[in-house]
Undergrad: 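Below you will find the structure I want to go over with you.
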There are 2 protein chains.
Amino acid sequence: MTNIKKVSELAGVSTATVSRTLKSPEQVTEATRDKVMQAVKQAGYRPNWLASSVKSGKSNSIVVLVPNLTNPFFLRIIGGIEQAAQEKGYSVLLGDTQGDSKRENEYAGMVLSNRADGLIQLDHSFPFAPQDAELADNVPMVSVCERIEGERKYPVIELDNYAASRALAHHLVGYGHQKFAAIVGQISSQIYRERLAGIRSVLQEENLPLPDEMLVGGSYTIEAGIEGVRQLLKQPVRPTAIFCFNDDIAIGAIHEIKKYGLRVPQDISVVGFDNIKVSAFIDPPLTTVDQPAYDMGRRAFEVLSVLMRGESLTRIREILPFQLVERQSSGPVHSS
Amino acid sequence: MTNIKKVSELAGVSTATVSRTLKSPEQVTEATRDKVMQAVKQAGYRPNWLASSVKSGKSNSIVVLVPNLTNPFFLRIIGGIEQAAQEKGYSVLLGDTQGDSKRENEYAGMVLSNRADGLIQLDHSFPFAPQDAELADNVPMVSVCERIEGERKYPVIELDNYAASRALAHHLVGYGHQKFAAIVGQISSQIYRERLAGIRSVLQEENLPLPDEMLVGGSYTIEAGIEGVRQLLKQPVRPTAIFCFNDDIAIGAIHEIKKYGLRVPQDISVVGFDNIKVSAFIDPPLTTVDQPAYDMGRRAFEVLSVLMRGESLTRIREILPFQLVERQSSGPVHSS
DNA sequence: CTGTTAGCGCGTTCAA
DNA sequence: TTGAACGCGCTAACAG
């Protein structure tokens, strides 16, 4: 272990001088600076980050809780967080929770034990264990996409899911569709409610139905899309347009629809949500709502950064712009 | 800041007793244990992780360097690492390097300054800055998929890329293909050389050519696949089979081939590498080589774990099994 | 400008 | 079994 003491002896100065030379070189004579720097080099010295952090009480790390690492959409968000964090000298501790609350509790606990200074939650659950709830009151925490449930309100960076769903619905209604279905994601979340409400509002305005049996799914996976289509196609009436609550679901849905010998969009239009990379390159390219995932990540860190500095926020909710991306998976209803 | 001292005062014992009660409860009387535990609860005390780590000199964290977070294949590897790490009480510091050596240097430096105990590199470059090379001699480091370049050999968990490429080549040769092309990834890596060598070895055995103008690409992206196909289709002779060096490239390639009005696999067979999730659900489903990404990640951590314990390794190179996944993007050559 | 001293929060001696 | 004291490696305060 090559520590500051060794360097100080090597350079013939005090440990304090070594520390100063490295932190604020301008406060030191050029002569001593040279001596110290040479000793540092010779000893191969690196300040022990752990030790300096004990003093400052700051770890300069944040925990990012993600329910599912395999979802490429989350990846882009994490990329944005990581980028912004790195620029400010923060490290990102990755917490893959698999939606398991035990794991969430564990990871969340890191910020209670000074292993991290803040927390970004990509899921909708309150990540702390019940017995830690009070302690958690003072931890900087931000949620992205989803909204953390519970009494206490945390800042959230999200999309206007209601408006985005309305945009999709209008898009499909504009093509003359009347028989709709939806393959939804996680039902217990705010996102589910808002997106569904958005769709419903448009359909009601147009006097179009969205019967309960046309609502299937329950998770944001390709498999859910496949299974969803199977269920929908068992119904007596076939929908001509399907809202998928994310692009993975849509990819599964399109795949399965084709398996049934049906065509997209001639027989069934499919729309998604997220605009992940591949969505533009599947066949047919997917009509979807683009979410500025990377920017959402960046912004989430910036907001967290404010919180970690102990400052207070003007806005507790930031809504980022979405964009309807019209591709070829949606089209006019085909009169049969 | 609720520290050990406060708890000790609250419980009417010394700080040492508090520390002991939490670390080795059996060394403490039940009476005092109860007192302490109650005080801990009441004060909402959590041992300061930073402080305890200074003592032990271990951060129980590792850095994972990934060149590109948007590649779903890397994600699965990271998932495996994260999982294994969590089980052993380690945290994962995510380092998105974007292939930038400055960033690599910075992240790699973390392990020199005790911010992390070890390093897993997913890229092929030696991540430390030249001036840190000596220091780096003693840091636990493992590479996955790629092999870290340089004098010193680090443990590597990889695939038999040579054999896997041969399997793909045999598969295509078996379908009667004679005109081959390849859209490759990063050229500067070992993987590139091995995969290409594997393909070449089979083609030579069969007396089939792989002319230089049939080698295009240079990065592991969808865009590279698209651009690659454009270049290939400009050539006077059209290949009937294309090796794509990963699935993303293949997805781009298939997309672009269809744009030209050609069919996969009737006009051109396409094969990939990695077997990412979507590959099974694109149209046509992709023939590819399945890499056990998750297991590779797990194994990488386990090997790193051995290194971090200061033990030495029996094998410095671990080769995990691949599997040829035959789907519908490859087929018999169509006589025109 | 530099050295001495103190202390961050904790774990681990060594006595008692 | 418990407590006092020391030290981890570093930095901040104060003298000089």
Undergrad: Do the side-chain N or O atoms of S14(B) get closer than 4.0 angstrom to the phosphate oxygens (OP1, OP2) of dA4(D)?
TA: no

Undergrad: Taking only side-chain nitrogens and oxygens of N48(A), does any of them come within less than 4.0 Å of OP1 or OP2 of dG9(D)?
TA: no

Undergrad: Between C1' on dT4(C) and NZ on K5(A), what's the gap in Å once rounded to a whole number?
TA: 14 Å

Undergrad: Hey, does the side chain of T29(B) come within less than 4.0 Å of dT2(D)'s phosphate (OP1/OP2), counting only N and O?
TA: yes

Undergrad: Contact class for V28(B) vs. all strands (heavy atom < 4.0 Å): base, sugar-phosphate, or nothing?
TA: sugar-phosphate

Undergrad: Counting heavy atoms from C-beta on, name the nucleotide in dC10(C), dT2(C), dT11(D) closest to the side chain of R20(A).
TA: dT2(C)

Undergrad: Would you check if M141(A) and P127(A) make a side-chain contact, meaning some heavy-atom pair closer than 4.5 Å?
TA: yes

Undergrad: Does dT2(C) have its OP1 or OP2 closer than 4.0 Å to a side-chain nitrogen or oxygen of T32(A)?
TA: yes

Undergrad: Under 4.0 Å between any heavy atoms, over every strand shown, what does V13(A) touch: base, sugar-phosphate, or nothing? Just pick one.
TA: sugar-phosphate

Undergrad: Tell me the interatomic distance from L22(B), atom CG, to dG9(C), atom C1', rounded to whole angstroms.
TA: 13 Å

Undergrad: The side chain of N3(A) lies closest to which of these nucleotides: dT4(C), dG9(D), dG11(C)?
TA: dG9(D)

Undergrad: When the ring centroid of F73(B) is compared with that of Y220(B), is the distance short of 6.0 Å?
TA: no

Undergrad: For the side chain of Y45(B), starting at C-beta, report the closest nucleotide among dA12(D), dC10(D), dC10(C).
TA: dC10(C)

Undergrad: Would you say the side chain of R46(B) and the base of dG9(C) hold a donor-acceptor pair, judged only by whether the two atoms sit under 3.5 Å apart?
TA: no

Undergrad: Counting distance only, does the side-chain N/O of D34(B) pair as donor-acceptor with the main-chain N or O of M37(B) below 3.5 Å?
TA: no

Undergrad: Is any side-chain nitrogen or oxygen of T17(A) closer than 4.0 Å to OP1 or OP2 of dC1(C)?
TA: no

Undergrad: Is any side-chain heavy atom of R298(B) less than 4.5 Å from a side-chain heavy atom of E87(B)?
TA: yes

Undergrad: Taking the side chain as C-beta and beyond, is there a heavy-atom pair between Q83(B) and Q98(A) under 4.5 Å?
TA: yes

Undergrad: Starting from P on dT4(C), measure out to CD1 on I4(A) and report it in whole angstrom.
TA: 14 Å

